[in-house]
Amino acid sequence: QVHLEESGGGSVQAGGSLRLSCAASGYTTSVYMAWFRQAPGQEREGVAGILLGDGRTRYADSVKGRFAISLNNAKNTVYLQMNYLKPEDTAMYYCAAGTSGGYYFLASWGALSQYNYWGQGTQVTVSS
């Protein structure tokens, strides 16, 4: 069983930055991890993902050039650095981990069904 705990959310003005952290604990065979977000009344969507073995990353078009996902293997922690935040980035952000092969990550990293474990979420609010 894998436990994921997010931290780092908060309120910031447009143009500001936040760094989210996701600490993984427990016995894990995770192959990839990702950040998703869900705004009120909207579907959960993939923001960024990372393949744990070689560090390859994927990003949603809406965050390319502004967000960066990274991994600290020693700490079993994945980060999401968010820069140039916009009001439309306001959402609950969730960390997720998947155990399927890397092929599935590369083919469909943004699909919720590819992930076995989810954190409880951390709120990000961006004001204009």
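Index from 1, following the sequence.
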Who pairs with Y94 by ring pair (Phe, Tyr, Trp, His ring centres under 6.0 Å), at least two apart in sequence or on another chain? none
To the nearest 0.5 Å, what is the distance between CD on Q13 and OG on S127? 5.0 Å
Would you compute the distance between atom CE of M33 and atom OG1 of T77 and round it to the nearest 0.5 angstrom? 8.0 Å
Ignoring hydrogens and geometry, is there a side-chain-to-backbone donor-acceptor pair from E6 to C95 under 3.5 Å? yes
Linking I/L/V/M/F/W/Y whenever their side-chain heavy atoms sit closer than 4.5 Å, directly or via other members, would Y117 and L51 fall into one cluster? no
Applying side chain to side chain contact (heavy atoms under 4.5 Å, CB included), run through N83 and L85 and close with a yes or a no. CA-CA 5 Å; N83 299 323; L85 283 160; over 6 Å; no
Separation of Q81 CD from S21 OG (nearest 0.5 Å): 9.5 Å
Give the C-alpha distance, both sets of side-chain angles, the deciding distance and a yes or no for side chain to side chain contact (heavy atoms under 4.5 Å, CB included) between L20 and V78. CA-CA 8 Å; L20 306 183; V78 171; over 6 Å; no
pair V12-S17: side-chain heavy atoms closer than 4.5 Å: no
Answer yes or no for R44 and W118: cation-pi contact, defined as NZ/CZ to six-membered ring centre under 6.0 Å and angle to ring axis within 45°. yes
Rounded to the nearest 0.5 Å, how far does CD of Q114 lie from OG of S108? 3.5 Å
R37 and Y93: side chain donor to acceptor below 3.5 Å: yes
Please report the interatomic distance CD(E88) to OG(S62), rounded to the nearest 0.5 Å. 9.0 Å
Check this for me: Q123, atom CD, are more than 12 non-hydrogen atoms of other residues, nucleotides or ligands nearer than 6.0 Å? yes
Taken to the nearest 0.5 Å, the spacing of N76 CG from L71 CG works out to 8.5 Å
Salt-bridge test for D89 and K86: reply yes if a basic N is under 4.0 Å from a carboxylate O, no otherwise. no
So if you build clusters from Ile, Leu, Val, Met, Phe, Trp, Tyr with side-chain heavy-atom gaps below 4.5 Å, do I69 and V47 land together? yes
Heavy atoms only: give me the nearest S128-A14 pair and the separation to one decimal. CA-CB, 4.3 Å
Please determine whether residues V126 and L80 belong to a single hydrophobic cluster, defined as Ile, Leu, Val, Met, Phe, Trp and Tyr linked transitively by side-chain heavy-atom distances below 4.5 Å. yes
Side chain to side chain, R56 and L106, heavy atoms closer than 4.5 Å: yes
hydrophobic_cluster_shared for F67 and F105, side chain cutoff 4.5 Å: no
Once you measure the plane-to-plane angle for Y115 and Y32, does it fall in the parallel (<30°), tilted (30-60°) or perpendicular (>60°) bin? perpendicular
Side chain T122, main chain G9, donor-acceptor under 3.5 Å: yes
So, is the end of the R19 side chain (NZ or CZ) under 6.0 Å from the ring centre of Y79 and within 45° of the ring's axis? yes
Could you tell me whether the side chain of E5 and the main chain of G119 form a donor-acceptor pair under 3.5 Å? no
Same cluster or not: are L18 and W35 linked, directly or through other Ile, Leu, Val, Met, Phe, Trp or Tyr residues, by side-chain heavy atoms under 4.5 angstrom apart? yes
Residues A97 and S30: closest non-hydrogen pair is CB-OG, 3.4 Å
